[in-house]
K.L.:
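Sharing a structure, written as structure tokens. Questions coming.
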Amino acid sequence: MSMRIYIHIPFCVRKCKYCAFFSVPNRAELYQPYVDALCVELERRATNEPVETIYIGGGTPTVLSIAQLDRIVATINRLYSLAPNVELTVEANPGTIDRHYLKQLRSLGVNRISIGVQSFDDRLLRSIGRIHTVRDAIEIVSDAKSIFDNVSVDMIYSLPHQTLDDVKRAIDQIKRLDVEHVSSYGLELEEGSEFYRLHAEGRLPLPTEELDEAMYDYVTTELPRLGYRRYEISNFAKPGFESRHNLGYWSDAKYLGLGAGAHSYDHVERRSNVEDVVAYIEGINNGRDVSTLEETITREIAVEEFCFLALRKADGIDRRHFQKKFDTAIEKIFGSVIDELALDGLIAVDDDRIRLTERGMKLGNIVFAEFLL
Ligand code: SF4
């Protein structure tokens with residue numbers, strides 16, 4: 001049995017207006033004690049299971065120095081048994097790195113870099129609170145392309161004041177940069193973000209539903225036309241460059257989450273670490289368990305999650321995998337749901353798999369709700 005490791009670096013230079021992820025801005029004095037605590041947690045939770053992928057995310061992992069990231073990676077190397085072709089991703093913010101930093105990351109063994117570009121328009125970047133310019137982003141992505149074989153960029157559409165032409169220009173820029181992987185998300189108003197508050201006050205000029213749909217249609221049509229397969233609802237990759245780490249989340253893989261706010265899943269339960277950097281450091285230093293039980297995975301929960309997570313992928317639900325895991329055919333549980341969704345053109349069913357159609361991808365939430373028991 002293999003597993004994945006997720007390391008959370010909960011620091012950012014400044015909070016972006018759309019973001020409600022657990023991260024704290026401007027706390028450089030905590031970086032070193034945090035890395036020290038993280039290495040203790042890595043030591044405490046070490047297992048012999050082969051590690052398929054490691055993902056250092058955040059927050060902004062690249063606010064850390066190379067020496068600090070080196071220490072984290074070296075600790076994992078020392079205590080865990082890594083698969084020979086382990087995928088090691090680091091998330092990077094273009095406002096925190098340069099070419100030299102990227103080269104050093106590569107020399108640590110990082111073989112995949114995920115760059116938070118979000119938009120190729122300076123006016124929009126400023127309005128969402130990003131700390132970098134378009135020029136910074138293009139320079140960093142170009143540098144990354146010359147150093148890494150596997151470069152991903154994140155972008156967001158349906159931003160306030162964004163036009164369809166902005167989205168078209170962003171896709172043109174992606175084409176020119178020729179990255180291997182694109183994650184493209186429609187803006188979601190997350191509770192706790194500044195945009196959520198502005199929206200509640202009626203002060204966020206979001207695109208209309210029609211424009212939102214036009215942007216979605218453009219992105220999901222154009223990226224495949226450029227050779228990026230839509231392998232998950234919001235993720236597009238050139239062949240062979242799908243994120244193995246994220247595919248694990250959608251394919252019932254076990255993962256160990258380390259650091260403040262990180263979640264772990266081992267098929268039996270889901271735990272989460274305390275969402276407070278100082279409490280995390282103190283807890284680890286005092287030998288306390290910093291995690292709490294979120295959920296015990298009953299058979300019912302396992303069945304539901306298996307289905308709606310697998311359906312996020314273009315490959316959908318693997319019937320044999322379902323049968324093997326739950327010792328029953330999927331129709332025995334969801335027969336009428338599957339028939340109705342297929343009749344509505346939301347899923348396609350064959351002998352091996354059950355997948356979302358294009359229409360199903362657009363209306364994913366309606367489909368997922370049907371798989372709740
Ligand atoms: S979007 Fe990324 S960089 Fe911005 S505040 Fe959130 S975690 Fe930090």
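Counting starts at 1 for both ligands and their atoms, following the listed order.
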K.L.:
May I ask you to list the atoms of ligand 1 that are less than 4.0 angstrom from any heavy atom of Arg14?
P.N.:
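Counting from 1, the qualifying ligand atoms are 5 (S).
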K.L.:
Start with the C-alpha gap between Asp121 and Arg123, add the side-chain angles, then the distance that decides, and say whether salt bridge (charged side-chain N to carboxylate O under 4.0 Å, His left out) holds.
P.N.:
CA-CA 6 Å; Asp121 183 295; Arg123 174 187 52 103; 3.6 Å; yes
K.L.:
For Glu87, enumerate each residue passing the side-chain contact (heavy atoms from CB on, under 4.5 Å) test, keeping only those at least two apart in sequence or located in another chain.
P.N.:
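With sequence neighbours excluded, Glu87 shows a side-chain contact (heavy atoms from CB on, under 4.5 Å) to Thr53, Thr89, Asn111, Arg112, Ser243, Arg244, His245, given in chain and number order.
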K.L.:
Please name the pair of heavy atoms, one in Asp149 and one in Phe241, separated by the smallest distance, quoted to 0.1 Å.
P.N.:
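Smallest interatomic distance, heavy atoms only, reads O-CE2, 3.4 Å.
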K.L.:
Please confirm whether Arg130 approaches ligand 1 to less than 4.0 Å, judged on its heavy atoms.
P.N.:
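It does, in that a heavy atom of Arg130 comes within the 4.0 Å cut-off of ligand 1.
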K.L.:
Using the rule given for salt bridge (charged side-chain N to carboxylate O under 4.0 Å, His left out), can you reason through Glu41 versus Arg44, listing the C-alpha separation, both sets of side-chain angles and the distance that settles it, and then say yes or no?
P.N.:
CA-CA 5 Å; Glu41 193 190 7; Arg44 278 196 206 145; over 6 Å; no
K.L.:
Look at atom NZ of Lys325 and say whether more than 12 heavy atoms of other residues, nucleotides or ligands are closer to it than 6.0 Å.
P.N.:
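Enclosed.
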K.L.:
Protein N/O/S atoms under 2.8 Å of atom 6 (Fe) of ligand 1?
P.N.:
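Listed by chain and number: Cys19 SG.
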K.L.:
Roughly how far, to the nearest 0.5 Å, is OH of Tyr216 from NZ of Lys362?
P.N.:
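Rounded to the nearest 0.5 Å, the NZ-OH separation comes out at 6.5 Å.
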K.L.:
Report the distance from atom CD of Glu232 to atom CG of Leu356, rounding to the nearest 0.5 Å.
P.N.:
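Reported value, rounded in 0.5 Å steps: 10.0 Å.
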